[in-house]
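Basis for what follows: all heavy atoms, side chains included, without hydrogens, waters or symmetry-related copies. Throughout, a chain's letter reflects where its sequence line sits, starting with A, and its residues are numbered from 1.
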Amino acid sequence: MNIYVANVNFRAKEEELREVFARYGEVTSVKIMKDRETNRSRGFGFVEMPNQEQAAAAIQAINGQEFQQRKLIVKEALPPRP
DNA sequence: GCTGAGCGC
């Protein structure tokens, strides 16, 4: 299941974000999108979890949760670009 | 060192 996470602290690393989701289930991949030119974090990313139940539970639990002084916004990711 | 809407190559 693809998960979209926004309002992420710009200093957050992918492994740190992965640890947050790993508490609620198995995490296969974490991607934090950064600016292509300045290489600066955009403050949002994607997390992929194979287990649908754990993914749904993680979204419910982590959404609105504080992460590095920021309230995380976790939703189900939209379908990728066609 | 810089900032803050929101969907990725």
Side-chain angles (χ1 to χ4, degrees):
Chain A
M1 181 178 190
N2 291 27
I3 301 174
Y4 167 77
V5 45
N7 204 41
V8 183
N9 192 296
F10 289 176
R11 309 178 174 191
K13 294 178 295 190
E14 294 180 349
E15 23 184 321
E16 294 175 328
L17 190 63
R18 184 181 51 205
E19 289 296 328
V20 177
F21 283 82
R23 299 203 308 258
Y24 300 91
E26 183 182 354
V27 178
T28 51
S29 68
V30 179
K31 289 185 299 186
I32 290 184
M33 307 322 276
K34 305 173 195 164
D35 190 90
R36 186 173 53 85
E37 301 178 5
T38 66
N39 201 39
R40 209 171 305 175
S41 177
R42 278 186 173 177
F44 76 94
F46 295 90
V47 177
E48 186 166 348
M49 297 180 68
N51 190 308
Q52 198 274 342
E53 309 175 19
Q54 295 177 344
I59 293 177
Q60 302 294 334
I62 303 175
N63 186 30
Q65 188 173 118
E66 219 178 83
F67 176 67
Q68 297 183 353
Q69 315 295 326
R70 306 293 297 188
K71 304 293 183 186
L72 286 180
I73 298 178
V74 186
K75 307 175 187 173
E76 178 180 353
L78 294 163
R81 294 180 176 177

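- The backbone N or O of Pro50(A) lies less than 3.5 Å from no partner atom in the side chain of Glu26(A), so there is not a single donor-acceptor pair.
- Rounded to a whole Å, the NZ atom of Lys71(A) is 21 Å from the P atom of dG6(B).
- One interatomic measurement links the two molecules: CZ of Arg42(A) to C1' of dC2(B), which rounds to 17 Å at whole-angstrom precision.
- Minimum heavy-atom separation, Ala55(A) to Met1(A): CB-SD, 3.4 Å.
- Atom NZ in Lys75(A) sits about 9 Å away from atom P in dG6(B), given to the nearest Å.
- Listed for the Asn2(A) side chain is no donor-acceptor partner under 3.5 Å among the backbone atoms of Ala77(A).
- Among the atoms of the strands shown, none is found under 4.0 Å from any heavy atom of Val30(A).
- dC7(B) has its base stacked against the ring of Tyr4(A), the centroids being under 5.5 angstrom apart at an interplanar angle below 30°.
- Asn7(A) places a side-chain N or O within 3.5 Å of a backbone atom of Lys71(A) that can act as its donor or acceptor partner.
- Distance from the side chain of Met33(A) is smallest to dC9(B) among dG6(B), dC7(B), dC9(B).
- The 12-atom threshold is exceeded at CD of Glu14(A), counting heavy atoms of other residues, nucleotides or ligands nearer than 6.0 Å.
- Shown here, dG6(B) is classed syn by the O4'-C1'-N9-C4 or O4'-C1'-N1-C2 angle, which is within 90° of 0.
- Residue Arg70(A) is the one, among Phe44(A) and Arg70(A), whose nearest nucleotide of DNA chain B lies closer to the 5' end (criterion: closest heavy atom).
- Distance from the side chain of Leu78(A) is smallest to dC7(B) among dC7(B), dG6(B), dC2(B).
- Glu48(A) comes within 4.0 angstrom of nothing in the nucleic acid, heavy atoms only.
- In this structure, CZ of Arg40(A) is placed 8 Å from P of dC2(B), rounded to the nearest angstrom.
- Nucleotide dC7(B) holds its C1' atom 14 Å from the CD1 atom of Ile3(A), rounded to whole Å.
- Rounded to whole angstrom, the span from the CG atom of Asn2(A) across to the P atom of dC7(B) amounts to 15 Å.
- In terms of position on DNA chain B, the residue among Phe46(A) and Asn9(A) whose nearest nucleotide sits closer to the 5' end is Asn9(A).
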